[in-house]
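Remember, predicted model here, so these are calculated numbers, not experimental data. In what follows, chains carry the letters A, B, and so on, assigned in the order in which the sequence lines appear, proteins first and then strands, with residues in each chain numbered from 1.
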Number of protein chains: 2
Amino acid sequence: MPETKGSTHTKRATYELRHRIIEGKIAGGTRLFEVALAEELAISRTPVREAMSRLAEEGLLERASGGGFMVRSFTYQDVIDAIELRGVLEGTAARLAAEQGADPDDLRHINMIVDEIDHCFGAIDTPADFDRYSELNAAFHDALARLCGSAIILRELERVKSLPFASPSAFVLGRSQNAAAHRGLVIAQMQHRALVEAIRQREGSRAEAVAREHARIARENLETSQREEKTVSNLPGMSLVID
Amino acid sequence: MPETKGSTHTKRATYELRHRIIEGKIAGGTRLFEVALAEELAISRTPVREAMSRLAEEGLLERASGGGFMVRSFTYQDVIDAIELRGVLEGTAARLAAEQGADPDDLRHINMIVDEIDHCFGAIDTPADFDRYSELNAAFHDALARLCGSAIILRELERVKSLPFASPSAFVLGRSQNAAAHRGLVIAQMQHRALVEAIRQREGSRAEAVAREHARIARENLETSQREEKTVSNLPGMSLVID
DNA sequence: GGCGCCGAATATGTATACATTGCCGTGTAT
DNA sequence: ATACACGGCAATGTATACATATTCGGCGCC
């Protein structure tokens, strides 16, 4: 087996399989066979089954009728829906945080992240630091999911975000680093501030609306990508889209 | 092993375990040991692991640190959040159905269910048919989840509803069959009609709001139950609540 | 007396042999 | 020619032996 991190065969197999699926090395809809994979990874069937079971929990695989697993495949509409769903769930997290009053420490923390994101933008007309933006953006959305203190909301949000194309940072790096992309980031950052401010002011309805609108940026970026380039293979997880 | 349905040992073990957990025979937080369960069910460890793995996918179990599984446990707040989440997701399904325009056949179908629910109410001051109501109510909520045609939304909604206390019918049978319960059902049915009508009229915002409010009935029923009786054990899945 | 280490007990992790099931192709009979 | 049945193959289902890891108690040292 290629050297991938993890201490047990199960963990390594899980990591390796997940990687291959997200990279697009295994197409959506492909059926996975225990024996073949076990031989390929040079381990026995048991950890392979275990790994597939975990990836099914993650939502990357689905159990096939009559046993076994197949790589889950998505339609273009599924991607749209997953992004919409993320917006709805983040909106709920934001609304609940606003209604219940977020913990001051948590608010300080998320504010710190927003401030740091500002530093990703250089002087006017200089390129932004897309890598750092992507990283901080993920941290922001993680902090947002935790802000209302609900383990239930957090769990479902994590679940949706684990779909590679529904991740908040999915289309940050996917886009070409041009002026339009730069502008998009500026708008997103404005929404970050508005979102935190709405929560602080306990404006639940506004917080929810802003969070939903914020997710729509991802949808627009997706649609732009679709229009500009016929091939979608360089966007994360888009190889799982089959139609 | 007690005779439970299923053709393979895995399926029987899955069914049996799920039953025991929901019935409250295994408390929330309990760690499940493969060997002990295997002996008890008179099968080997392999199908037991497989069953536990599937129940983890369902959300009834969680993987313990350092391997193994434990019965997931919930706080009272988790139950509240799960109900709220169901409302949010059903609201989204309703809104999308309204915005995109639901399939006429689907609309006819859900309308038929609503009409049938009317028959559960007898003449004035006669008891309603709670069993039949519960059944049709579940069918209504299932039809609602499918109405927007999104596999993504459907899947997540099914997931939340699989938590026994977040199911739409969780508190229908749990309540004592008194006049107050009867009144609650009448109100719920009014919301059913309003919901379908909003979707038909393509009033997305109204549809979403009604769906959310509808879920709040479950929350109120829960709070009423908590107030009236100290013990919560007769409500579905409430044995998993530990605080 | 408390902290930490060590080892046994017990748990899960892994490999593998065997059982069972479901599918597909081929054959024959109508 | 079609339909049914038989058989073999290939997949998952299951049991079990063995390997490894984790945990917890006791014992010793600080």
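The aromatic rings of B/H214 and B/H192 lie perpendicular to each other, with more than 60° between the two planes, well past the 30° mark.
Set against D/dA11, D/dT14, C/dT12, the side chain of A/V35 has D/dA11 as its closest nucleotide. Nearest to the side chain of B/S44, among D/dT12, D/dT16, C/dG13, sits D/dT16.
A close approach under 4.0 Å does occur between a side-chain nitrogen or oxygen of B/H9 and OP1 or OP2 of D/dA15. The side chain of B/T10 places an N or O atom within less than 4.0 Å of a non-bridging phosphate oxygen (OP1 or OP2) of D/dT14.
Counting to the nearest Å, the P atom of C/dA19 and the CD1 atom of B/I43 are 19 Å from each other. Put simply, CE on B/M52 is 14 Å from P on D/dT14, counting in whole angstrom units. We find that CD of A/E34 is positioned 10 Å from P of D/dA11, with the value rounded to whole Å. In this structure, A/R45 places its CZ atom 14 Å from P of D/dA10, rounding to the nearest Å. Counting to the nearest Å, the P atom of D/dT12 and the CZ atom of B/R49 are 18 Å from each other. The interatomic distance linking B/R12 (CZ) with C/dT20 (P) rounds to 13 Å, in whole Å. Taking atom CZ of A/F33 as the reference point, atom P of C/dG22 lies 16 Å away to the nearest angstrom. Remark: P of D/dG13 and CD of B/E50 are 6 Å apart, rounded to the nearest angstrom.
Salt bridge A/R155/A/E158: absent, no basic N to carboxylate O contact under 4.0 Å. One finds a salt bridge joining A/E90 and A/R86 here, because a Lys/Arg side-chain nitrogen approaches an Asp/Glu carboxylate oxygen to under 4.0 Å. The existence of a salt bridge linking A/E208 and B/R212 is confirmed by a sub-4.0 Å separation between a basic side-chain nitrogen and an acidic carboxylate oxygen.
Mapped onto DNA chain D by nearest heavy atom, B/T46 and B/R31 fall at different nucleotides, with B/T46 at the one closer to the 5' end.
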